[in-house]
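Reckoned from all heavy atoms, side chains included, excluding hydrogens, waters and symmetry mates. Labels below follow one simple rule: chain letters A, B, ... track the order of the sequence lines, proteins then strands, and each chain is numbered from 1.
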Amino acid sequence: MIDIKALREDPQRYIDGAQAKNIDVDIPALLAIDEDRRSLNKQREDLRAEQKRISKEIGPQIGQLKGKLKNASDDESDAIKQELQSLEAKPASLKKEIQTIDDSMSSIDEQWHTLLLQIPQPPDADVPKGESADDNIELRTWAPEGYDVTKSFAENTGFEPKDHLTLVNELQLADFERGVKMAGTRHYVLTGNGMLLQQAVLGFAFDLITQKYDFTPMSVPVILREECMVGTGFFPSGREQAYHIEESSRGSGHDLFLAGTGEVGLMGMFGDEIIDAAKLPMKMATVSTCFRREAGAAGRDTAGLYRIHQFEKVEQVVICKADEEESRMWHQTMMGIVEDLLQQLELPYRLLQCCTADLGAKNADMIDIECWMPGRGQLDSDGKPEGAWGETHSASRLYDYQCRRLNMRYRDEDGNTVFAHSLNNTVLASPRILIPLLEMHQQQDGSVRVPGCLQPYMNGMTVIEPQTCPTS
RNA sequence: GGUGGGGUGGCCGAGCGGUUGAAGGCGCCGGUCUUGAAAACCGGUAAGGGGCUUGUCCUCUUCAUGGGUUCGAAUCCCAUCCCCACCGCCA
């Protein structure tokens, strides 16, 4: 959520920001409503103040009169009753006025809040302007010693690569048909060494982030209340992307939503809290199952392990003081961790500075990390894929946008409460990461080499070879 | 799922419908005392919004949430949510 005060002071900045992000919101309408809301509120407050004042004045009198009434003669009692009536009349008329304002306030308030939640965070000035993801800018690339990403896989290795679907089938690492049978399109079963490999990459990634980089390991809910989804900024705009558990329709409590990322739980944990400043920065990591409906992606990446409804992800989150420098520093640090991870996995990658159009409402800045996937991309004249970069990580810098929504604050040196800054980044998401892993480390004989860092997580296995398993 | 008990400030905890934004305690901050510390004592200590005369100013909201009764609600009524205990079921 943006700061309404900042919007009042500099609406243009938010109008430009929304435009740069290609997000359609009516900021002048919000400002008009905000104005109405404030003036109505002022009226109401004045009336209430008056009401309170009168009430304090006549309250004791009424009390006294009512006491007298109990043991009064008939004559006296009539006089007292009249006096009571006239005393009570004045605040009663104020009450009606207040109620009228209350009624118009409640509808205005709702509109105000709905609009406010939709206003995107303006991109930082140093984020390049762009029209679409095509305008993202490559920051740097890395490839293992001896591998040149500008050349084809065959030129690098001396043999034609298979794509991950072929590898997965030949090595019996996944069973798509049975996944679809059970749960529908975009579902899969990881089988035998496929599951072993997934557990290995997740274990490696989780140990790296928690042990080498000292992020606190956490397990958080992945079925969450709507407040968490709104608070982390995934709702209302991304409502269609989340699975919805309609518990309320069964007469019980409230609805729940399946999280698309561990970030929701890691951040939601501290909603409505005033955090002890000494605990900042808080560095946390979780490994969780992630659920995405992929609404609107019909027909895209339908085959294989790239775009699926359910996957596992190790996620890193940092909550730090509201300091731009510190925030930027953590952003870099979190990307450095991913670079370390990908280098140990020996996977070519590049960092992409996302342009304004690719940011999403909540980010001030976002860097994607993409791995080289030889089996992806356009087909060449021989019908072979040219290879392509595929997104495997995404590092967001949000300033206080998320913490403001979540009402997550800390106390600064002067004792003031301040909304914290938050950042998040993928550490590793599987099975998507298996695509570059299998495709890059395939060998001419059809087997797949296991990088050194994963071998301890695979009972010392150094090569993945064809196997038989119940799904074979 | 059944029955019962509860939700009050950073925490614990009191609160006959009328200066109760809320006693008391703990914690925290400041002070006195002390060579220093502790103890003791004294004082301070909620958040959020709005206004303009921007002030050690005025004002509103907030005692789980939403509604209601009332001139007036932390206090009474209704609904919802949440927590705890016991029973049932259970990875």
Item to check | Worked check of side-chain hydrogen bond (donor to acceptor under 3.5 Å, both in side chains) between A:Gln402 and A:Glu263 | outcome: CA-CA 11 Å; A:Gln402 218 168 25; A:Glu263 174 193 341; 2.7 Å; yes
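If you take CG of A:Asp34 and C1' of B:G50, they are 11 Å apart, rounded to a whole angstrom. Counting to the nearest Å, the C1' atom of B:A47 and the OH atom of A:Tyr410 are 17 Å from each other. In this structure, A:Asp272 places its CG atom 16 Å from P of B:C82, rounding to the nearest Å. Spacing between atom CG of A:Asn407 and atom C1' of B:G48 amounts to 9 Å, rounded to whole angstrom units. Between A:Ile275 atom CD1 and B:A47 atom P there is a gap of 16 Å when expressed in whole angstrom units. In this structure, A:Leu47 atom CG and B:G50 atom C1' are separated by 14 Å, rounded to whole Å. For the pair A:Ile4 CD1 and B:G48 P, the interatomic distance rounds to 17 Å; values are reported in whole Å. Note: CG (A:Asp36) to C1' (B:G50) measures 15 Å, nearest angstrom.
Comparing the C1' positions of B:G66 and B:C81 gives a spacing of 10 Å, expressed to the nearest Å. Taking the C1' atom of each, B:A46 and B:A74 are spaced 16 Å apart, rounded to whole Å. Nucleotides B:A73 and B:G68, compared at atom P, are 12 Å apart to the nearest Å. Atom P of B:G13 sits at a distance of 32 Å from the matching atom of B:G31, rounded to the whole Å. Distance check on atom C1': B:C16 versus B:U75 gives 9 Å, rounded to whole Å. Between B:C42 and B:G25, the distance separating the two P atoms is 10 Å to the nearest Å. As rounded to the nearest Å, B:U45 and B:C11 have C1' atoms that lie 14 Å from one another. With both ends at atom C1', the span from B:C71 to B:C63 equals 23 Å, rounded to whole Å.
More than 12 heavy-atom neighbours from other residues, nucleotides or ligands sit within 6.0 angstrom of CG on A:Asp126.
Across all strands shown, B:C71 forms a Watson-Crick or G-U wobble pair with B:G18, both key distances being under 3.5 Å. The partner of B:C63 cannot be assigned: no Watson-Crick or G-U wobble pair with both contacts below 3.5 Å exists in any strand. The base-pairing partner of B:U54, taking Watson-Crick or G-U wobble contacts with both distances under 3.5 Å, does not exist among the strands shown. The pairing partner recorded for B:C86 is B:G2, the criterion being a Watson-Crick or G-U wobble arrangement whose two distances lie under 3.5 angstrom. Pairing partner, B:C81: B:G7, with both Watson-Crick or wobble hydrogen-bond distances short of 3.5 Å. In this structure B:A40 sits in a base pair with B:U32, meeting the Watson-Crick or G-U test at under 3.5 Å.
With sequence neighbours excluded, the residues satisfying ring pair (Phe, Tyr, Trp, His ring centres under 6.0 Å) with A:His187 are A:His309.
Taking for each of A:Gln99 and A:Arg8 the nucleotide of RNA chain B with the nearest heavy atom, the 5'-most of the two is the partner of A:Arg8.
Each of B:G50, B:C82, B:A47 was ranked by its minimum atom distance to the side chain of A:Arg409; first place goes to B:A47. Here B:G72 is the nucleotide among B:G72, B:G48, B:C81 with the atom lying nearest to any side-chain atom of A:Gln51.
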N/O contacts under 3.5 Å, protein versus nucleotides 54-63 of chain B?
unit_1, atom_1, unit_2, atom_2, d
B:U61, OP2, A:Lys52, NZ, 2.9

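Distance CE/A:Met218 to OG/A:Ser288: 13.5 Å, rounded to 0.5 Å. For the atom pair CD1 (A:Ile369) and NE2 (A:His393), the distance works out to 6.0 Å, reported to the nearest 0.5 Å.
Across all strands, A:Arg225 comes closer than 4.0 Å only to sugar-phosphate atoms, never to a base (heavy-atom distances). Within the nucleic acid shown, A:Lys96 has no heavy atom closer than 4.0 Å to any nucleic acid atom. Here A:Arg404 lies out of heavy-atom contact (under 4.0 Å) with every strand.
Between A:Arg38 and the phosphate of B:C52, there is no side-chain N or O to OP1/OP2 separation shorter than 4.0 Å.
Checking A:Gln316 against A:Tyr213 by side-chain atom types alone, no donor-acceptor pair falls below 3.5 Å.
The backbone N or O of A:Leu398 lies less than 3.5 Å from a partner atom in the side chain of A:Gln121, making a donor-acceptor pair.
Here A:Asp102 pairs with A:Arg48 in a salt bridge; the nearest charged N to carboxylate O distance falls below 4.0 Å.
Checked against the 6.0 Å centroid threshold, A:Phe311 and A:Phe291 do not count as a close aromatic pair.
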